[in-house]
Number of protein chains: 2
Amino acid sequence: MAKDTIRNMEEFAAVSGISRPTVSKYFNDPESVRQSTRQRIEDALEKYDYRPNIYAINQNRKLTKNLGIVVPYLADPFFAELARNIEQRCVAAGFRPTLYSSYGDPDRENDILDSLRSLKPAGVLLAPLGRTSNQAVIEKFCNDVPTILFDSFIPDVGLGFVGSDNSQFGPLIVEYLCRTGEPPSFLEMKTPANPNANKRRHAYINAMEQSGHEPQVVQVDGEGWHFEEIGRSEGGKALAAGLFKSNTVLCSNDRLAIGFLTACYEQNVRVGRDSDCQIRVAGQDDHPFSRFTCPPLTTIAQDYDAISRCAVETLFKAIEGSENKHETRLFEGRLVMRDSA
Amino acid sequence: MAKDTIRNMEEFAAVSGISRPTVSKYFNDPESVRQSTRQRIEDALEKYDYRPNIYAINQNRKLTKNLGIVVPYLADPFFAELARNIEQRCVAAGFRPTLYSSYGDPDRENDILDSLRSLKPAGVLLAPLGRTSNQAVIEKFCNDVPTILFDSFIPDVGLGFVGSDNSQFGPLIVEYLCRTGEPPSFLEMKTPANPNANKRRHAYINAMEQSGHEPQVVQVDGEGWHFEEIGRSEGGKALAAGLFKSNTVLCSNDRLAIGFLTACYEQNVRVGRDSDCQIRVAGQDDHPFSRFTCPPLTTIAQDYDAISRCAVETLFKAIEGSENKHETRLFEGRLVMRDSA
DNA sequence: ACTAAAATTTTACGCGCGCAAAGTTTAAGG
DNA sequence: CCTTAAACTTTGCGCGCGTAAAATTTTAGT
């Protein structure tokens with residue numbers, strides 16, 4: 001029994017019969033103390049369940065064990081899945097990750113970086129908003145805090161970038177679509193939030209031209225992050241107006257494609273590769289829900305696992321060794337053939 | 001110019017010509033100091049961009065401005081949307097919310113509560129895992145930290161509960177389905193993670209019996225949080241085996257329904273209410289993607305907005321006034337008629 | 001201009017722990 | 001048993017800020 005409530009490390013050191021600095025050492029690394037000492041501490045730990053005050057720790061340590069994970073829109077399952085993957089790796093490595101989402105708002109992104117700065121994190125994994133980001137703010141942040149960018153590229157900012165090789169997506173899916181049917185038209189938003197969209201458009205155009213087909217890019221209106229709704233309403237308008245020269249539509253991303261599938265349904269346009277279908281639709285990302293659309297969506301899968309693993313590993317290497325060379329790692333997409341195209 | 005880097009509040013107080021305690025008072029509430037004083041501080045703030053050390057603040061304050069938001073699975077857009085809504089309200093109220101997800105793992109849920117405890121948060125909004133939660137741990141946590149539960153109910157735990165009145169969902173959708181076609185069968189997982197599933201099953205059975213129809217509950221295998229996949233594979237098996245006595249299937253939740261729609265597609269079973277359709281499918285939740293399934297999913301909409309608003313408001317009231325009466329607030333669902341049923 | 005109230009300053013202590021330096025004990029090797 | 005390095009203890013300072021009490025100034029009010 002003895003004292004019921006341990007108030008601080010001093011009292012805990014007393015009841016465990018060890019000096020406070022040694023106890024402190026134990027909490028920073030249990031391996032760093034003698035085995036017998038460790039045992040005594042852990043025995044006491046079971047009896048009194050004391051835990052060091054995290055604020056006092058972080059105030060005095062030069063570097064905290066905190067990590068920041070920032071994504072542009074957490075309600076998008078693509079980012080949620082990526083964040084989940086990254087978060088779990090950070091926890092496994094003994095860090096304390098915190099999840100932030102800008103929810104499409106640049107001001108909020110700035111606020112997040114601002115408050116993140118005062119958390120003195122050991123590192124940050126940042127997927128910027130993209131076009132609407134305040135690049136000066138991000139750049140300044142990256143100068144103060146070890147940061148790895150992912151998903152959305154910004155040149156020469158941060159310790160490195162990890163993402164997909166979007167320029168490879170075009171050839172891959174265009175080749176497949178051309179081989180199995182008509183060369184595709186391309187559907188995208190007029191002012192895409194994410195810079196990957198531009199790379200994908202260029203990749204599409206290049207791939208079409210290299211295989212001797214004329215590219216057709218259909219750009220629709222729409223702001224914000226409600227891609228499905230934009231794909232449905234604006235993509236639907238384009239479909240109704242007969243704007244697509246091809247019976248095959250390659251969408252800039254899966255969410256747009258998911259909305260476009262809905263538009264096709266609403267207009268009684270049968271989607272798929274069977275003979276009784278009028279249109280083929282493909283996306284890019286392999287969004288978690290693309291497996292479950294009707295018909296299931298043919299797409300290019302981003303390598304969630306490799307991206308998150310590489311991003312985390314690169315950050316850890318940078319934290320430990322303080323490597324300074326800006327490294328860019330791109331992973332290839334994989335063609336996922338389903339029934340929509 | 002003067003000193004470039006302000007190291008602490010003492011130095012900042014010096015350059016702004018104010019005493020440190022008054023500066024401290026300003027940062028805790030800018031309104032609490034004289035207008036002229038405030039102006040001088042804010043002038044200095046523009047020149048030196050000093051920010052109080054958050055760890056030192058939280059170490060000394062009895063209560064922090066931190067809030068915890070815990071959900072069972074953040075990669076589920078339903079929870080992501082709820083979390084987004086809640087998070088933004090907390091930020092608007094001047095708090096620092098932090099998002100946590102158990103990702104379906106009870107051990108992780110315990111860890112989250114554990115680390116949340118040491119953050120000394122002003123309050124926590126917790127949506128427990130449900131059946132797999134360690135109730136003793138949650139109950140103990142709620143005794144230490146002001147906590148509002150949401151989505152998943154646990155009797156007599158926390159300061160209150162906010163969620164949907166699941167027992168009202170049954171009558172609502174059963175009445176609609178019966179009025180417009182055959183009385184529905186009910187599709188659910190055998191061992192649902194969430195207690196709401198049980199309430200929904202009972203509500204379905206009651207509603208069926210009260211309107212003079214015989215209920216049929218089809219329970220399928222499947223563990224974890226990949227509901228769509230369970231709906232597709234296991235729901236698909238049930239469909240192929242002809243287990244559903246009715247041509248109308250009410251699913252326990254939208255994600256299950258989304259997967260079941262895929263199964264229907266795979267088996268060439270046409271879904272909808274037109275004469276050429278063989279089956280009607282309905283869900284419950286109004287999942288963000290249900291608008292975009294093919295056909296769009298008829299469902300019961302949970303009132304995301306009201307739930308998140310009420311949860312946050314209840315917590316704030318509890319934090320300020322320290323009300324102790326355990327309050328349960330349930331919001332009604334709304335029938336959303338789309339093409340699937 | 002005089003008084004009371006409000007705001008501010010001064011002074012001083014405490015929070016809980018990291019960390020460095022110097023002295024002491026422990027464990028391993030010959 | 002002696003040597004030595006490693007592990008540990010002791011001592012003491014510092015981090016940056018909250019906060020309380022008392023002294024002082026400012027403001028508002030008749």
Side-chain angles (χ1 to χ4, degrees), chain A residues 3 5-45 48-66 94 96 115 117-122, chain B residues 3 5-45 48-66 94 96 115 117-122:
Chain A
K3 261 188 198 159
T5 52
I6 303 291
R7 303 197 150 277
N8 52 38
M9 196 179 278
E10 185 113 32
E11 290 187 14
F12 178 74
V15 299
S16 57
I18 311 267
S19 73
R20 189 179 69 75
T22 304
V23 172
S24 168
K25 205 175 172 198
Y26 166 83
F27 278 110
N28 282 316
D29 178 11
E31 310 273 354
S32 70
V33 303
R34 200 188 304 150
Q35 180 57 35
S36 60
T37 311
R38 179 174 176 179
Q39 195 56 54
R40 287 165 71 188
I41 293 179
E42 287 173 351
D43 287 349
L45 220 41
Y48 298 94
D49 95 302
Y50 156 79
R51 308 187 45 174
N53 180 308
I54 196 168
Y55 295 114
I57 292 176
N58 285 331
Q59 179 175 16
N60 296 308
R61 243 211 292 261
K62 31 204 149 210
L63 216 52
T64 70
K65 276 286 189 178
N66 295 334
R96 296 177 53 103
S115 84
R117 194 193 306 266
S118 62
L119 282 182
K120 304 183 198 300
Chain B
K3 260 188 200 160
T5 52
I6 303 291
R7 302 197 150 277
N8 52 37
M9 195 179 280
E10 185 113 29
E11 290 187 13
F12 178 73
V15 299
S16 57
I18 311 269
S19 74
R20 189 181 68 75
T22 304
V23 172
S24 169
K25 205 176 173 198
Y26 165 84
F27 279 109
N28 281 316
D29 178 12
E31 309 274 353
S32 70
V33 303
R34 201 189 302 149
Q35 181 56 37
S36 61
T37 310
R38 178 174 176 178
Q39 195 56 53
R40 287 166 71 188
I41 293 178
E42 286 172 351
D43 288 349
L45 221 41
Y48 298 94
D49 95 303
Y50 155 79
R51 309 186 46 174
N53 181 309
I54 196 168
Y55 295 114
I57 292 176
N58 285 332
Q59 178 175 17
N60 297 308
R61 244 211 291 261
K62 32 207 147 207
L63 217 53
T64 71
K65 276 287 189 177
N66 295 333
R96 297 177 54 104
S115 84
R117 195 194 305 268
S118 63
L119 283 182
K120 304 183 199 300

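For clarity, every value in this text was computed on a predicted model and none was experimentally measured. Just so we're on the same page: letters track the sequence lines, and every chain starts at 1. We use all heavy atoms of the structure for the numbers below, so side chains are in, but hydrogens, waters and symmetry mates are not.
Atom CD of A/Glu31 is separated from atom P of D/dA7 by 12 Å (rounded to the nearest Å). Between the OH atom of A/Tyr55 and the C1' atom of D/dC15 there is a distance of 17 Å, rounded to whole Å. Atom CD of B/Gln35 is separated from atom P of C/dA6 by 19 Å (rounded to the nearest Å). Between B/Glu11 atom CD and D/dG16 atom P the separation is 9 Å, expressed in whole Å. Atom OH of A/Tyr26 is separated from atom C1' of D/dT9 by 19 Å (rounded to the nearest Å). Following rounding to the nearest Å, B/Lys120 (NZ) and C/dG16 (C1') show an atom-to-atom distance of 10 Å. With rounding to whole Å, B/Gln59 atom CD is found 11 Å from C/dG18 atom C1'. Atom pair B/Ile18:CD1 and C/dT10:P shows a separation of 10 Å (rounding to whole Å applied).
Residue A/Asn28 is classed as a sugar-phosphate contact, given heavy-atom separations below 4.0 Å to backbone atoms only. Residue contacts for B/Thr22: at a heavy-atom cut-off of 4.0 Å it reaches a base atom on one of the strands shown. Within 4.0 Å of A/Pro52, counting heavy atoms only, lie sugar-phosphate atoms of the nucleic acid but no base atom.
Side-chain nitrogen and oxygen atoms of A/Ser24 include none within less than 4.0 Å of the OP1 or OP2 phosphate oxygen of C/dC17.
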message = Working note: B/Phe27 + B/Ile57, criterion side chain to side chain contact (heavy atoms under 4.5 Å, CB included); need CA distance, chi angles, decisive distance, verdict.
response = CA-CA 10 Å; B/Phe27 279 109; B/Ile57 292 176; over 6 Å; no
key: Worked verdict on B/Asn53 versus A/Lys120 for side chain to side chain contact (heavy atoms under 4.5 Å, CB included)   = CA-CA 10 Å; B/Asn53 181 309; A/Lys120 304 183 198 300; 3.7 Å; yes
request  = Run the numbers on B/Asn60 and A/Tyr55 for side chain to side chain contact (heavy atoms under 4.5 Å, CB included), then give the verdict.
outcome  = CA-CA 9 Å; B/Asn60 297 308; A/Tyr55 295 114; over 6 Å; no
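The side chain of A/Asn60 sits closest to C/dG16 out of D/dC8, C/dG16, D/dT19. Of the candidate nucleotides C/dG18, D/dG18, C/dT9, D/dG18 has the atom nearest to the side chain of B/Arg61. Counting only heavy atoms from C-beta on, B/Asn8 has its side chain closest to D/dC17 among C/dT8, D/dG14, D/dC17. Closest to the side chain of A/Met9, from the set C/dG18, C/dC19, D/dG16, is C/dG18. Each of C/dT8, D/dG18, C/dT9 was ranked by its minimum atom distance to the side chain of B/Ile57; first place goes to D/dG18.
Along DNA chain D, the nucleotide nearest to B/Tyr50 and the one nearest to A/Ser36 differ in position, and the one closer to the 5' end is contacted by A/Ser36. Summary of the strand contacts: B/Arg38 and B/Ala56 both lie near DNA chain C, and taking for each the nucleotide with the nearest heavy atom, the more 5' one is attributed to B/Arg38.
In terms of polar N and O atoms assigned as donor or acceptor, the side chain of A/Arg20 never comes within less than 3.5 Å of the base of C/dG16 in a complementary pairing.
The side-chain heavy atoms of A/Arg40 and A/Thr22, taken from C-beta on, include no pair separated by under 4.5 Å. Between B/Val33 and B/Ile18, every side-chain heavy-atom pair lies at or beyond the 4.5 Å cut-off.
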